[in-house]
Amino acid sequence: MLITFEGIDGCGKSSQAKLIADRLRDQGIETLLVREPGGTALSEQIRSMVLNEKHEMPLSHATELLLFAASRAQLVKEVIEPALKRNAVVVCDRFTDSTIAYQGYGRGLPLAYIRSVNDLATGGLVPDVTFLIDVPLELAIQRRKGMGDDRMESESRLFFTHVLQGYMALAQKHPDRIHVIDGNDSLEDIHHTIYRLVEYERGNELRHASHAATPVVTQPLAETFVGAEGVLVD
Ligand code: TYD
């Protein structure tokens with residue numbers, strides 16, 4: 001099962017990702033906690049290029065998109081896919097929705113490109129459940145005060161307003177997958193809500209597995225690269 005956490009910088013999602021991963025591990029469930037960008041040796045190097053806290057190098061919006069995607073492609077191949085094959089739970093701090101929200105709504109790159117690049121990087125892998133931790137921009141800014149901003153975090157309020165709009169549009173588009181969680185609640189209350197939803201999803205997964213009468217037919221690879229307009233991207 002792939003669980004992803006999303007939200008603007010300072011929303012508290014990393015703490016929640018760790019809490020749920022620890023809780024599942026305590027129950028003896030193999031659980032991996034990874035973050036994006038990062039999670040493999042190569043992806044961590046890409047992370048230092050793209051977030052570049054020293055603000056040394058200019059990056060075009062397209063370069064930025066492709067670096068996030070390159071980091072993800074390696075993480076999926078090297079870590080996430082093998083873990084899911086072993087039936088482990090993978091908790092990922094940010095995934096494809098971040099790219100739609102930040103590079104799409106924040107930077108203004110065309111969403112059709114972003115969906116194609118996301119599909120290429122993930123081979124069409126979609127999270128089973130996503131928690132979008134929703135906090136007002138002002139609260140997120142307050143929480144981040146004094147924490148040294150990286151390239152993305154030093155963006156303007158307007159940029160983050162667009163990112164938030166992107167997240168809300170995604171939540172509306174995928175109500176079955178994306179759960180919007182009120183980030184104003186206490187750490188414990190938020191964790192409790194998330195834990196209940198994860199248990200529910202895991203129950204569903206087990207029920208589906210036991211009812212699967214026919215073998216799963218895997219799609220030919222090329223079909224996973226169909227872009228948003230239905231055009232073969234490869
Ligand atoms: P990080 O320090 O991990 O921030 P956070 O703790 O808020 O997740 O930095 C990740 C930054 O990269 C964050 O500002 C969001 C941004 N990002 C994108 O712009 N696009 C992406 O596809 C991903 C994965 C992250």
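When a residue number appears, it is its place in the shown sequence, counting from 1. Computed from a prediction, not measured in an experiment: that's the story for all the values here.
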Q | Any donor-acceptor N/O pair, Gln103 side chain to Gly108 backbone, under 3.5 Å | A | no

Q. Under 4.5 Å between side-chain heavy atoms, hopping through other hydrophobics if needed: is there a path connecting Leu111 to Val117?
A. yes

Q.
How close do Asn184 and Pro136 get, counting heavy atoms only, and between which atoms?
A. OD1-CD, 3.9 Å

Q. Tell me, do Leu19 and Tyr195 make a side-chain contact under 4.5 Å, heavy atoms counted?
A. no

Q | Distance (rounded to the nearest 0.5 Å) between Lys77 NZ and Ser43 OG | A | 13.0 Å

**Q.** Residue pair Leu197, Ile181: steps toward the side chain to side chain contact (heavy atoms under 4.5 Å, CB included) verdict
**A.** CA-CA 11 Å; Leu197 288 164; Ile181 307 284; 4.2 Å; yes

Q) Do you reckon Leu67 sits in the same ILVMFWY cluster as Leu75, going by side-chain contacts under 4.5 Å, direct or chained? A) no

Q: Determine, stepwise, if the pair Phe95 / Ile80 fulfils side chain to side chain contact (heavy atoms under 4.5 Å, CB included).
A: CA-CA 11 Å; Phe95 201 57; Ile80 298 181; 4.0 Å; yes

Q) Looking at side-chain heavy atoms only, is the closest gap between Arg86 and Leu32 below 4.5 Å? A) yes

**Q.** From Met1 atom CE to Glu205 atom CD, the distance as rounded to the nearest 0.5 Å
**A.** 4.5 Å

Q.
Just so I know, are the side chains of Glu44 and Arg35 near enough to count as touching, which here means a heavy-atom distance under 4.5 Å?
A. yes

Q) Is any NZ, NE, NH1 or NH2 atom of the basic residue among Asp119 and Arg115 found under 4.0 Å from an Asp or Glu carboxylate oxygen of the other? A) no

Q. Salt bridge check: are Arg177 and Glu201 linked by an N-O gap of less than 4.0 Å?
A. no

Q | Short side-chain to backbone donor-acceptor contact, Thr161 and Arg157, under 3.5 Å | A | yes

Q) What orientation do Tyr102 and Tyr167 show, parallel under 30°, tilted 30 to 60°, or perpendicular over 60°? A) perpendicular

(Q) With heavy-atom distances below 4.5 Å as the criterion, would you say the side chains of Thr99 and Arg72 are in contact? (A) yes

Q. Should Lys13 and Phe131 be marked as a side chain to side chain contact (heavy atoms under 4.5 Å, CB included) after you check the CA-CA gap, both sets of side-chain angles, and the distance that decides it?
A. CA-CA 8 Å; Lys13 67 182 169 37; Phe131 296 107; over 6 Å; no

Q. Do Ile100 and Met168 share a hydrophobic cluster, counting only Ile, Leu, Val, Met, Phe, Trp and Tyr and linking them when any side-chain heavy atoms are less than 4.5 Å apart?
A. yes

**Q.** same_hphob_cluster(Leu65, Leu59) at 4.5 Å side-chain heavy-atom cutoff
**A.** yes

Q. Looking at Asp22 and Arg25, does any basic side-chain N land under 4.0 Å from a carboxylate oxygen?
A. yes

Q: Can you measure from NE2 (His179) to OG1 (Thr130) and round to the nearest 0.5 angstrom?
A: 8.0 Å

Q. Can you name the closest pair of heavy atoms from Ala171 and Val180 and give their distance?
A. CB-CG2, 3.6 Å

Q: Identify whether Ile133 and Leu139 are in the same connected component of the hydrophobic contact network (ILVMFWY, side-chain heavy atoms under 4.5 Å).
A: no

Q) Side chain of Arg94, backbone of Gly7: donor and acceptor closer than 3.5 Å? A) yes

Q: Locate the shortest heavy-atom distance separating Ile178 from Leu170; write the atom from each residue and the value.
A: CD1-O, 3.6 Å

Q.
Is it the case that atom NE2 in His192 sees more than 12 heavy atoms from other parts of the structure closer than 6.0 Å?
A. no

Q: Find the distance between CD (Gln16) and CD1 (Ile194) and round it off to the nearest 0.5 Å.
A: 4.5 Å

(Q) So does Asp150 get a backbone contact from the side chain of Glu153, meaning a donor-acceptor N/O pair under 3.5 Å? (A) yes

Q) What distance do Tyr113 atom OH and Asn118 atom CG have between them, rounded to the nearest 0.5 Å? A) 15.0 Å

**Q.** Closest non-hydrogen atom pair, Asn52 against Met57
**A.** OD1-N, 3.6 Å

Q) Does the pair Glu199/Arg196 count as a salt bridge with the N-to-O cut at 4.0 Å? A) no

Q: Test Arg143 against Val135 for side chain to side chain contact (heavy atoms under 4.5 Å, CB included), laying out the working first.
A: CA-CA 11 Å; Arg143 285 185 182 167; Val135 291; 3.9 Å; yes

Q) Are any side-chain N or O atoms of Glu36 and backbone N or O atoms of Ser71, one a donor and one an acceptor, separated by less than 3.5 Å? A) no

Q: Using modelled atom types only, decide if a donor and an acceptor are shared between the side chain of Glu64 and the backbone of Val50 within a distance under 3.5 Å.
A: no

**Q.** CG on Leu2 to OG1 on Thr122, rounded to 0.5 Å
**A.** 10.0 Å

Q. What's the shortest heavy-atom distance between Ala21 and Val91, and which atoms?
A. CB-CG2, 4.2 Å

